[in-house]
Amino acid sequence: MRYLYIFLIALVFISCNIVTEPPPPERENPIDPKSPVFQPPKAEIIDGPSNNSIVTEHTVTFKWRGNQADSLMLFSYKLDNQNWSNWSNVKEVTFTYLDEGKHTFMVKAKYINNIEQEEPAKVDFTVDAVKGPALMFRPRKVEITAGQYFDVEILVEEATNFAGLKTVITYDNLFDVEYVQIYKDSVSLLLKNGGNIIDFVAIDKTNRKIEINVAVAGGNPADVNGTGRIGRIRFKVLSGSGETKTISFDSANSIMRDSENRTVEIKELVQGIVVVR
């Protein structure tokens, strides 16, 4: 019996000094690059404009998905030259008041362990939402904060037999006009065929109106066709927060003319949207 007690005591002593080995690493983890089943993170666009498509609306929505469970993935997206969005689990975004022309949307994924997708998913598309002849602003939508300046260009869209323009632009009392510039070089659509610019600009800050008269003389041929810029306006945001305002062409005082002073039909006057954050 004495030897049995000694044996039991020794057994307890030995068991207390056994070092517990850590469990082997998880080998079936698809987001672990050391795992044989690892898959790089991937965002796949599943809804929205197709690549190289033409969109006839100014609003587009993109939806996407990842290649692993939602709890394992984060996403970031961007449009054109905007900054990448913050990483989040958002899988859908809508853009409104897009400018006419070409755009590129990109989205990328990363795992919660910060392994990031090397090449984003990408879609190139073209917006053709405005049918001319039309007057519009570019950019069509501005997001800005109080105290900052922003520029909008006056754009003629799909003009035919165009040689001159008269328009009155109205704006909100949250804004002040810094200056109006009429383009008098090759930037101007009116100088597409040569000639010289004749212009008159009047700024009425009391009534928040800008009158613009601009024409080309001496071009060959005298009338121009196409889409292009006429000038630009610089505004300052005086105040406001969380408000959406507009800059508009006055329909009663907006006229396009040809070189014979005949009226050219304007099919659309597209207002500018200003979001004051």
Side-chain angles (χ1 to χ4, degrees), residues 25-132 134 136-145 150 152-153 155 157-158 227 242-246 268 270-277:
E26 175 62 60
R27 306 309 295 169
E28 301 300 322
N29 184 353
I31 72 170
D32 180 359
K34 296 180 180 179
S35 170
V37 297
F38 171 74
Q39 296 178 352
K42 181 180 179 181
E44 177 188 7
I45 298 171
I46 59 173
D47 193 23
S50 57
N51 196 41
N52 297 319
S53 63
I54 296 176
V55 178
T56 57
E57 300 290 338
H58 67 74
T59 298
V60 300
T61 297
F62 286 96
K63 299 179 182 180
W64 57 89
R65 64 187 175 195
N67 60 325
Q68 299 296 336
D70 289 349
S71 60
L72 300 177
M73 304 200 74
L74 297 170
F75 303 96
S76 178
Y77 60 85
K78 67 178 295 188
L79 180 71
D80 300 331
N81 295 321
Q82 297 176 3
N83 295 327
W84 284 97
S85 69
N86 294 330
W87 291 101
S88 72
N89 57 7
V90 168
K91 294 189 291 183
E92 178 178 340
V93 65
T94 297
F95 299 100
T96 58
Y97 302 104
L98 292 180
D99 290 329
E100 298 285 284
K102 295 182 178 180
H103 298 274
T104 299
F105 174 76
M106 291 187 285
V107 60
K108 59 184 177 180
K110 77 171 181 178
Y111 291 142
I112 55 175
N113 59 6
N114 288 323
I115 297 175
E116 188 174 325
Q117 182 174 350
E118 292 184 0
E119 292 294 331
K122 183 178 79 166
V123 170
D124 295 317
F125 63 100
T126 299
V127 173
D128 186 14
V130 177
K131 301 304 178 184
M136 61 187 305
F137 298 102
R138 186 181 183 97
R140 190 168 175 174
K141 180 181 179 181
V142 175
E143 296 188 24
I144 199 80
T145 57
F150 67 93
V152 291
E153 289 189 302
L155 193 73
E157 179 79 7
E158 298 174 355
T227 296
E243 299 183 69
T244 299
K245 300 296 182 180
T246 59
E268 194 169 357
V270 183
Q271 65 185 6
I273 305 298
V274 183
V275 179
V276 183
R277 296 191 296 265

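Quick caveat: nothing in here was measured; it's all calculated off a predicted structure.
The side-chain heavy atoms of Val130 and Met136, taken from C-beta on, include a pair separated by under 4.5 Å. Using a 4.5 Å cut-off on side-chain heavy atoms (C-beta onward), Ile45 and Phe105 make contact. Taking 4.5 Å as the limit, every side-chain heavy atom of Lys110 sits out of range of all side-chain heavy atoms of Met73. A 4.5 Å side-chain heavy-atom check between Ile144 and Arg277 finds every atom pair outside the cut-off.
The environment of CG in Asn86 is sparse: at most 12 heavy-atom neighbours from other residues, nucleotides or ligands sit within 6.0 Å. Heavy-atom neighbours of Lys42 NZ from other residues, nucleotides or ligands within 6.0 Å: at or below the threshold of 12. More than 12 heavy-atom neighbours from other residues, nucleotides or ligands sit within 6.0 angstrom of CD on Gln39.
Without hydrogens or angle criteria, Asn29 side chain to Phe38 main chain gives no donor-acceptor distance under 3.5 Å. Between the side chain of Trp64 and the main chain of Val90, a donor-acceptor pair closer than 3.5 Å is present. Asp80 places no side-chain N or O within 3.5 Å of a backbone atom of Gln82 that could act as its donor or acceptor partner. Remark: side-chain polar atoms of Asn113 are paired, donor with acceptor, to backbone N or O of Ile31 under 3.5 angstrom.
Glu44 pairs by the salt bridge (charged side-chain N to carboxylate O under 4.0 Å, His left out) definition with Arg65, not counting sequence neighbours.
Pairs engaging residues 115-129 under the side chain to side chain donor-acceptor pair (under 3.5 Å) rule: Thr104-Asp124, Lys108-Glu116, Asp128-Lys131 [sequence neighbours left out]. Sorted by first and then second residue, the pairs that involve residues 91-100 and meet side chain to side chain donor-acceptor pair (under 3.5 Å), not counting sequence neighbours, are Thr61-Thr94, Asp70-Lys91, Thr96-Lys141.
Between Phe95 and Phe62, the ring planes are perpendicular. Angles over 60° get that label, and only those under 30° would be called parallel.
Between Ser85 and Ser76 the shortest heavy-atom distance is O-OG, 2.6 Å.
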